Number of protein chains: 2
Amino acid sequence: MTTTGGKAARTRARLTDAAFELFAEQGYDATTVAQIAERVGVTEMTFYRHFGSKDAVVVGDPYDPLIAAAVAAQPTDLPPLVRAARGVRSAWEGQPLDDDEALRARVSLGAATPSLRPAIRAGTAATEAAIAEALAAGGTDPLDAAVCAAALLGALTTALLGWPARPGTTLGATILRALDLLEHRP
Amino acid sequence: MTTTGGKAARTRARLTDAAFELFAEQGYDATTVAQIAERVGVTEMTFYRHFGSKDAVVVGDPYDPLIAAAVAAQPTDLPPLVRAARGVRSAWEGQPLDDDEALRARVSLGAATPSLRPAIRAGTAATEAAIAEALAAGGTDPLDAAVCAAALLGALTTALLGWPARPGTTLGATILRALDLLEHRP
DNA sequence: TAGAAAATGTGACTCACTAACATTCCGGCG
DNA sequence: CGCCGGAATGTTAGTGAGTCACATTTTCTA
């Protein structure tokens with residue numbers, strides 16, 4: 001039993017691998033769920049039980065909910081957008097995402113596939129809501145809070161998707177740069 | 001021939017009306033394109049020829065491309081996010097959108113229907129790209145420009161969708177408020 | 001009023017996604 | 001060893017959005 005996890009985890013991993021192979025061979029849109037399932041020797045139904053949607057293979061994990069805590073910890077007398085940006089900055093510095101090749105590949109695919117963007121945005125919705133709530137808890141008007149959170153997530157997502165196109169640049173630098181822009185540092 | 005436009009325009013208008021009736025009766029998701037077409041006495045095919053997708057009935061018109069010009073007209077020594085925000089502000093002041101009941105109804109539906117959000121975002125993509133390009137033409141790094149444009153559009157879209165929930169508030173005030181937030185005016 | 005052009009219809013298809021129900025795999029326990 | 005229960009997977013049959021090639025009607029113009 002050297003392999004990690006039970007049978008389900010293994011099937012899930014095989015589906016992920018097959019999916020990325022096919023995406024690389026034919027592109028995301030041209031690949032059908034049936035093809036992915038077939039390559040693994042499994043039914044479409046099994047795919048949907050593991051992922052729920054075709055998007056989910058690529059988008060996968062939701063963003064950090066602990067970002068919200070970092071936002072809430074920022075001084076409430078700052079303008080809300082600055083408060084949010086500083087919160088994310090401190091959260092990142094506390095626990096950065098290591099940018100391995102796998103992540104770069106996934107982000108690259110996401111950036112190169114327009115039909116995937118809705119799913120990407122949807123994946124950030126939870127974080128956006130959490131940040132908005134954290135801002136509102138500090139006395140910011142709820143709509144103002146939502147607007148700032150949306151601006152922040154828009155900036156972060158665009159930075160993330162633009163990162164793979166800049167070889168040699170670290171993800172951290174790209175993210176922090178986006179935060180600088182929100183704080184008007186030119 | 002007192003009616004405006006040719007037959008196509010009339011069919012399109014009838015499809016829009018029928019669609020919004022059905023959306024009001026049963027909700028957007030529960031309404032099928034076949035139902036819309038049937039109510040007008042027309043085929044699904046005709047619907048798709050007029051709209052291209054179910055989303056398009058609600059999302060409809062693309063945003064102002066002249067916003068980009070206003071952004072480009074702002075002084076280049078401002079931080080890019082400020083430059084973008086001031087550009088939109090000046091564009092709005094030059095030619096505001098009149099907020100009639102029809103617009104409010106459409107925005108309301110969009111705000112209340114999560115499955116519509118992807119289409120809404122997609123509808124702003126052209127404006128976002130135009131603003132990014134205007135910023136980049138002023139010497140801003142292309143990725144920085146894209147990040148700022150995304151933040152701006154994120155803020156504006158959220159403000160727009162949040163507007164109908166505030167009876168008595170004008171759309172203009174809501175938009176200008178969002179721009180204030182991007183410029184750190186609390 | 002004929003004839004081109006615009007508008008619409010037909011039928012068949014692909015693909016994502018869902019649901020109810022049946023079946024097989026696998027580890028633990030007597 | 002052999003049985004048993006739950007997890008994992010299969011089967012079948014759908015719905016609904018969107019596309020395509022081709023036929024037909026309607027509308028406008030010369």
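Every chain is numbered from 1, with letters handed out A, B, ... down the list of sequences. Because only heavy atoms are used, hydrogens play no part in the values below, and waters and symmetry mates are left out as well, while side chains stay in. Quantities reported herein were computed from a predicted structural model and do not represent experimental measurements.
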(message) Checking one residue: B:Leu143. Which other hydrophobic residues are in its cluster under the side-chain 4.5 Å linking rule?
(response)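 Members other than B:Leu143 - counting any ILVMFWY side chain reachable under 4.5 Å - are A:Leu181, B:Val147.
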
Would you name the heavy atoms of [X] and [Y] that are closest together and state the gap between them?
X        : Y        : value
B:Ala145 : B:Thr140 : N-CG2, 3.8 Å
A:Pro118 : B:Pro118 : CB-CB, 3.7 Å
B:Val71  : B:Arg83  : O-NH1, 3.6 Å

(message) Tell me if a side-chain donor or acceptor on A:His50 pairs with a main-chain N or O of A:Ala9 at a distance below 3.5 Å.
(response)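 Checking the backbone N and O of A:Ala9 against the side chain of A:His50, no donor-acceptor pair under 3.5 Å is found.
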
(message) Donor-acceptor check, side chain of A:Thr158 to backbone of A:Ala155, threshold 3.5 angstrom: yes or no?
(response)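 Not confirmed, A:Thr158 side chain does not pair with A:Ala155 backbone.
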
(request) Taking only heavy atoms on the protein side, list every residue of residues 26-39 of chain A lying under 4.0 Å from any atom of DNA chain D, sorted numerically. (result)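 Heavy-atom cutoff 4.0 Å gives no residues at all.
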
(request) For DNA chain D, find the residues of residues 15-23 of chain A with a heavy-atom distance under 4.0 Å and give them by number; none if there aren't any. (result)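 Here the set is empty: none.
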
(request) Applying side chain to side chain contact (heavy atoms under 4.5 Å, CB included), run through A:Arg39 and A:Glu21 and close with a yes or a no. (result) CA-CA 10 Å; A:Arg39 181 163 294 201; A:Glu21 281 174 27; 2.8 Å; yes

(message) Between A:Asp100 and A:Arg106 (salt bridge meaning N to carboxylate O under 4.0 Å), is one present in this structure?
(response)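 Judged by the 4.0 Å cut-off on N to carboxylate O distance, A:Asp100 and A:Arg106 do not form a salt bridge.
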
Using whole Å, report how far [atom1] of [X] lies from [atom2] of [N].
X       : N      : atom1 : atom2 : result
B:Arg10 : D:dT26 : CZ    : P     : 14 Å
A:Tyr48 : C:dC15 : OH    : P     : 11 Å
A:Arg12 : D:dT9  : CZ    : P     : 12 Å
B:Phe51 : D:dG18 : CZ    : P     : 13 Å
A:Phe47 : C:dT18 : CZ    : P     : 11 Å

(message) I'd like to check B:Val57 versus B:Tyr28 (side-chain heavy atoms, cut-off strictly below 4.5 Å). Are they in contact?
(response)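 Counting from C-beta outward, B:Val57 and B:Tyr28 never come under 4.5 Å.
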
Dump the pairs, protein N or O against N or O of nucleotides 8-10 of chain C, anything under 3.5 Å, distances to one decimal.
residue	atom	partner	partner atom	Å
C:dT8	OP1	B:Thr11	OG1	2.5
C:dT8	OP2	B:His50	NE2	2.7
C:dG9	OP2	B:Thr43	N	3.0
C:dG9	OP2	B:Thr43	OG1	3.2
C:dG9	OP2	B:Thr46	OG1	2.4
C:dG9	O5'	B:Thr43	OG1	3.2
C:dG9	N7	B:Arg49	NH2	2.6
C:dG9	O6	B:Arg49	NH1	3.3
C:dG9	O6	B:Arg49	NH2	3.3

(message) My understanding is that only residues two or more places apart in sequence, or in another chain, count here; which of them pass salt bridge (Lys or Arg N to Asp or Glu O under 4.0 Å) with B:Arg12?
(response)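 Checked B:Arg12 against salt bridge (Lys or Arg N to Asp or Glu O under 4.0 Å); zero matches.
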
Taking distance alone, no hydrogens or angles, what donor-acceptor pairs closer than 3.5 Å link side-chain atoms of residues 159-169 of chain A to residues at least two apart or in another chain?
residue	atom	partner	partner atom	Å
A:Trp163	NE1	A:Thr169	O	2.9
A:Arg166	NH1	B:Asp141	OD1	3.3
A:Arg166	NH1	B:Asp141	OD2	3.4
A:Arg166	NH2	B:Asp141	OD1	3.4
A:Arg166	NH2	B:Asp141	OD2	3.2
A:Thr169	OG1	A:Arg166	O	3.2

